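Remarks on the structure that follows.
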Amino acid sequence: MKPEIRIFKDVENLSHAAANLFVAKSAQSISERKSFMVALNGGTTPLRLFQLLATNFREQVDWSRVHIFWGDERCVPPDDPGSNYGQARDMLLSRVPIPDSNIHRIRGELGPVEASKESNLVLEQFATPPLQWPRFDLIYLGLGEDGHTASLFPGSPVDMTEPVVPVTARYQDRPADRVTLTPVVFNSARIVVFMATGKKKAHTLVEVLSDRYNPALYPAQRIHPKDSQLIWLVDEETASKLPKDSRKKIPEE
């Protein structure tokens, strides 16, 4: 299936669209499967989404049936400013009535190897047979200026078979001690939503969406679910370098 690309005027409109997707998919999943399994992204892009879910959209979600996971995590304690879990906890999870038992963080403080082993075991507990991991109802991902997504960085192995792997290689001249879910998990989800904002990502978006397939250089290209929906939510700055003939076909909000 080809990705669906939605262009928004700014981060505010994009974030409202992302929140509406959360609400709609949670209601559908809970109705059909009695629970809603979602993996969140980190970084600055989803911050407004978290705020909206904790305020404007708070009463529209049955939080008792929501299970929260993460696409990746830095190997830092949960109170570290770099913790994806800590960010979501402070801005969203501590402000909604979700049971603690429904929050499945990656324990980055264990270190990349041990944390990835533990996370693989957690995913097995929620596995959707014949998969050895859950088929997520919704996954949010971000896009780096270099084409990375989650903690799948340029030059990392393309053919990963484990659901969760440690990331210990150097990245941008610094150690990248992280844990990440892999494309086998992302590509099995019912819906994957990329969120990308800012002019610095405009060229990267063009390359990722092009027919020039280079997943080693642009890891975001590794995300291509065959039997489910892939949606890109981008602002006008990020979409500014898309070919004009392509942009005409893109629905604007």
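It should be emphasised that the depicted structure is a prediction, and the values quoted were computed from it without experimental measurement.
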message: Quick one: does any side-chain atom of Asp235 pair with a main-chain N or O of Val11 as donor and acceptor, under 3.5 Å?
response: no
- [ ] Before giving the answer on side chain to side chain donor-acceptor pair (under 3.5 Å), spell out for Arg222 and Ser156 the whole-Å C-alpha distance, their side-chain angles and the decisive distance to 0.1 Å.
- [x] CA-CA 11 Å; Arg222 304 175 196 177; Ser156 61; 3.1 Å; yes
Smallest heavy-atom separation, Phe126 atom then Met37 atom, equals CB-CE, 3.6 Å
**Asked** Is a side-chain N or O of Arg65 found less than 3.5 angstrom from the main chain of Ile30, in a donor-acceptor match?
**Response** no
query: In the single-linkage hydrophobic clustering (I, L, V, M, F, W, Y; side-chain heavy atoms under 4.5 Å), do Leu181 and Val184 co-cluster?
result: yes
Exercise. Could you tell me whether Glu12 atom CD has more than 12 heavy atoms of other residues or ligands within 6.0 Å of it?
Key: yes
All heavy atoms of Ser151 vs all of Thr180, minimum pair found to be N-OG1, 3.2 Å
The complete set of salt bridge (Lys or Arg N to Asp or Glu O under 4.0 Å) pairs with one or both residues in residues 69-82, sequence neighbours excluded, reads Asp79-Arg89
Item to check | Phe8 and His16 aromatic centres sub-6.0 Å | outcome: no
Requested in this report: Indicate yes or no for a side-chain donor-acceptor contact from Thr149 to the backbone of Ala220 under 3.5 Å, with no hydrogens or angles considered.
Outcome: no
Where the side chain of Trp63 meets the backbone of Arg58, is there a donor-acceptor pair that is under 3.5 Å apart? yes
Lys241/Glu237 ion pair, N-O < 4.0 Å: no
Do Phe36 and His67 have their ring centres less than 6.0 Å from each other? no
Discussion item. Checking Val192 against Ile231 for the side chain to side chain contact (heavy atoms under 4.5 Å, CB included) test, could you report, in this order, the C-alpha distance in whole Å, the side-chain angles of both residues, the deciding distance, and whether it holds?
Written reply: CA-CA 6 Å; Val192 177; Ile231 298 176; over 6 Å; no
Polar side chain donor-acceptor pair, Ser116 to Arg178, under 3.5 angstrom: no
ask   = Has the side chain of Thr238 got a donor or acceptor atom that lies under 3.5 Å from a matching backbone atom of Gly198?
value = yes
Residues Gly111 and Cys75: closest non-hydrogen pair is C-SG, 3.7 Å
Determine yes or no for a side-chain-to-main-chain donor-acceptor pair under 3.5 angstrom, with Asp100 supplying the side chain and Ile103 the backbone.
no
Item to check | Worked verdict on His224 versus Tyr213 for side chain to side chain contact (heavy atoms under 4.5 Å, CB included) | outcome: CA-CA 12 Å; His224 45 78; Tyr213 188 61; 3.6 Å; yes
Exercise for review: Verify, without hydrogens or angle tests, whether Asn102 (side chain) and Ser64 (backbone) share a donor-acceptor contact under 3.5 angstrom.
Suggested key: yes
> Quick one: do Lys25 and Asp137 make a salt bridge, cutoff under 4.0 Å?
Replying inline: no
| request: Verify, without hydrogens or angle tests, whether Tyr218 (side chain) and Pro154 (backbone) share a donor-acceptor contact under 3.5 angstrom. | output: no
Nearest heavy-atom contact between Val96 and Ala54 is CG1-CA, 4.0 Å
For this session: Please find out if less than 6.0 Å separates the ring center of Phe186 from that of Phe136.
Result: no
Interatomic distance, CG@Leu138 vs CD@Gln28, rounded to 0.5 Å, equals 10.5 Å
Fill in: Pair Arg95 + Asp90, salt bridge at N-O below 4.0 Å
no
Report task. May I ask you to decide if Ser35's main-chain N or O and Ser29's side chain share a donor-acceptor pair within less than 3.5 Å? Result -> no
Requested in this report: For the pair Val61 and Phe22, evaluate side chain to side chain contact (heavy atoms under 4.5 Å, CB included) and give the outcome as yes or no after the intermediate values.
Outcome: CA-CA 9 Å; Val61 177; Phe22 189 105; 4.0 Å; yes
Tightest non-hydrogen contact, residues Gly71 and Ala150, listed as O-CB, 4.1 Å
- Hey, is the main chain of Arg212 close enough, under 3.5 Å, to the side chain of Gln221 for a donor-acceptor pair? yes
Test side chain to side chain contact (heavy atoms under 4.5 Å, CB included), reference Leu233, set Val193, Asn13, Ile5, Ile7, output is Val193
Stepwise side chain to side chain contact (heavy atoms under 4.5 Å, CB included) check, Leu152 with Met160:
CA-CA 10 Å; Leu152 303 170; Met160 298 178 176; 3.8 Å; yes
Nearest heavy-atom contact between Leu49 and Ala18 is CD1-C, 3.7 Å
